[in-house]
Amino acid sequence: QQAKMTVDKDFVVGDVDDRIYGSFIEHLGRAVYGGIYEADHPTADEQGFRQDVLKLVQELQVPIVRYPGGNFVSGYNWEDGVGPVADRPRRLELAWRTIEPNWFGYNEFIDWCKKAGTAPMMAINLGTRGIDDARNLIEYSNHPSGSYWSDLRRSHGYEKPHDVKTWCLGNEMDGPWQIGSKTAVEYGRLANETGKVMKLVDPTIELVACGSSAKGMPTFPEWESTVLDLAYDVADYISIHQYYGNPKKDTPNFLAQSVGMDQFIQTVISTADYVQAKKRSKKKINLSFDEWNVWFHSNEQDRKLEPWTIAPPQLEDVYTHEDALVVGCMLISLLKRADRVKMACLAQLVNVIAPIMTRNGGPAWKQTIFYPFLHASLFGRGKVLVPLVKSDKYDSSEYTDVPYLEAIAVYAEEKEEVTVFAVNRSLDESLPLQVDLRSFGTGRVIEHIVLEHEDVKAVNTEEAPDRVKPHNGGNASVTENGRIEAVLAKASWNVIRVK
Ligand code: AHR
């Protein structure tokens, strides 16, 4: 097996919008309570925010975080989470069947975002609620003063508006599990009218309409077509969500899943462009891939949870090395369509299907998937170069012609650095790779980071937090004729940085 890649300075897919390295915090499991917030944790600051978690989030350089859900938002009354904590109600939370104590809410999230160096992406409830609450919330959040809701915010200690720019019009409204789920026509109309009113309050905001919850949904892609047809004027983005798993222990097929993600992205782009053509519109709708990850390890365990407790350990997937490879391939899929995927959220950030795990009262550590996300966030900013890839291929149970090499290159012009992200999907053989850098001329390899492990099922735990971690001993070098040559270890994630 071998692989070749050619990239050229002048062949650009698009500029990376940094917001593709976003993430997600939902009131679910221990994402908030025991995750970003734990008032009596030894590292908690005066607001109860865990400093150890904040540090790891800062390390990831996450530019935007979606909140407060997820399925949670479709039954949430945002007013429950503002004002004096002692007055906040304790509610039955129906999406995940827990008790929501409302110790943490909108204003705390905004404060946390500032400390984390990130921006909020707020979702509104279009399950049990609609236009009225959305207009109140945007007034509370973004209007300076002199009206009922903006003055209420000020009375809560927030003199200046939060000025939140990005808003999701509900969550996964096509899903039968969603509280208040809707048909595409019902949702499209509601999204349009709600978005219209929100933009009357603050015309500077950007809105994300709900696309399908997954490629396998029976209403995909008709849903996108109908929703955009009805909400084209107010929507700026259409959302796209996808999770993968390996329940059948078929790793070659699991590693091939991002091929399906490429197809999914392409179909949503085509559908958005079809509606654009129908409307004879100049406006293009871009994609917000605002939920993506591996999710399946915790499914069995979650079925056994007792309902109506506060912050139970839900969706606590412990990620393997092979999961990190899939996450790496998914990041490459996002980058490949940097021209149209403008936001994305790794779902989620802490404890709940997350790169960061904690123990209540104890430490925080990095899961395997932390690393590809970290590398892409740090080095994957700039211009994505057209990836001309030639690679030997294999067939998996669901996909034919899966390339062993999954790769993309990003050019950071100001730093004059090219970074190649590459996954070798082969489980048995290393992969000799040649990258022709053409117009870049000869450079030097700054480093070749490798994430590899003998056991693809290896995981990081509290006891062994560094079992799977990257090293920078990869063998990439630049030849005299301006080619990178490297041997990619079997089942590995690689980051080759050239200057
Ligand atoms: O991220 C976990 C859940 O997955 C979210 O609440 C929902 O939107 C999706 O189905």
Side-chain angles (χ1 to χ4, degrees), residues 22-33 35-36 62 64-76 78 93-98 100 109 121-128 166-182 187 191 208-220 223 227 237-245 247 261 264 287-303 305 311-319 323 326-327 330 343-357 367 369 373:
S23 189
F24 179 24
I25 287 285
E26 178 167 1
H27 280 252
L28 157 57
R30 297 189 307 119
V32 174
Y33 307 114
I36 59 174
V62 181
I64 194 161
V65 177
R66 187 166 174 251
Y67 175 85
N71 296 338
F72 170 80
V73 80
S74 298
Y76 182 51
W78 65 270
E93 197 295 286
L94 300 182
W96 304 101
R97 308 192 73 230
T98 61
E100 173 52 57
F109 179 65
M121 177 196 218
M122 288 301 301
I124 58 156
N125 176 353
L126 288 188
T128 59
T166 316
W167 296 79
C168 302
L169 293 164
N171 176 68
E172 296 191 345
M173 300 310 300
D174 62 326
W177 59 86
Q178 198 69 211
I179 297 170
S181 69
K182 294 180 171 49
Y187 171 69
V208 184
C210 289
S212 298
S213 310
K215 185 163 159 250
M217 294 301 287
T219 46
F220 173 74
W223 172 276
V227 166
Y237 305 88
I238 183 89
S239 78
I240 163 166
H241 290 181
Q242 189 70 54
Y243 296 97
Y244 295 119
M261 179 160 166
F264 190 14
L287 276 52
S288 171
F289 212 127
D290 46 43
E291 286 191 35
W292 67 272
N293 202 349
V294 170
W295 172 16
F296 76 107
H297 295 286
S298 56
N299 293 350
E300 206 41 55
Q301 174 61 28
D302 285 352
R303 279 189 267 278
L305 283 172
Q314 278 169 312
L315 279 67
E316 298 206 355
D317 277 38
V318 175
Y319 288 115
D323 297 332
V326 171
V327 163
M330 293 178 88
M343 294 190 279
C345 303
L346 174 66
Q348 299 191 8
L349 187 56
V350 189
N351 290 329
V352 172
I353 44 174
I356 300 167
M357 282 296 270
Q367 293 236 55
I369 64 167
F373 188 76

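One-based numbering, in listed order, for ligands and for the atoms of each. Quantities reported herein were computed from a predicted structural model and do not represent experimental measurements.
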*Apply side-chain hydrogen bond (donor to acceptor under 3.5 Å, both in side chains) to Asn171 and Ser74, showing your working.*
CA-CA 7 Å; Asn171 176 68; Ser74 298; 5.1 Å; no
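Residues that satisfy the side chain to side chain contact (heavy atoms under 4.5 Å, CB included) test with Ala344, not counting sequence neighbours, are Ile20, Phe289, Trp292, Leu334.
Within 4.0 Å of ligand 1, the residues that place a heavy atom are Phe24, Glu26, Gly70, Asn71, Trp96, Asn171, Glu172, Tyr243, Glu291, Trp295, Leu315, Gln348, Ile353, listed by chain and number.
Judged by distance alone, the side chain of Asp317 and the main-chain N or O of Phe296 form a donor-acceptor pair under 3.5 Å.
Nearest heavy-atom pair, Leu349 versus Ile25, reported as atom, atom and distance to 0.1 Å: CB-CD1, 3.8 Å. Annotation for Trp96 and Asn71: closest pair CZ2-ND2, 3.3 Å, computed over non-hydrogen atoms.
Under 3.5 Å, the side chains of His27 and Glu100 contain a donor-acceptor pair of N or O atoms.
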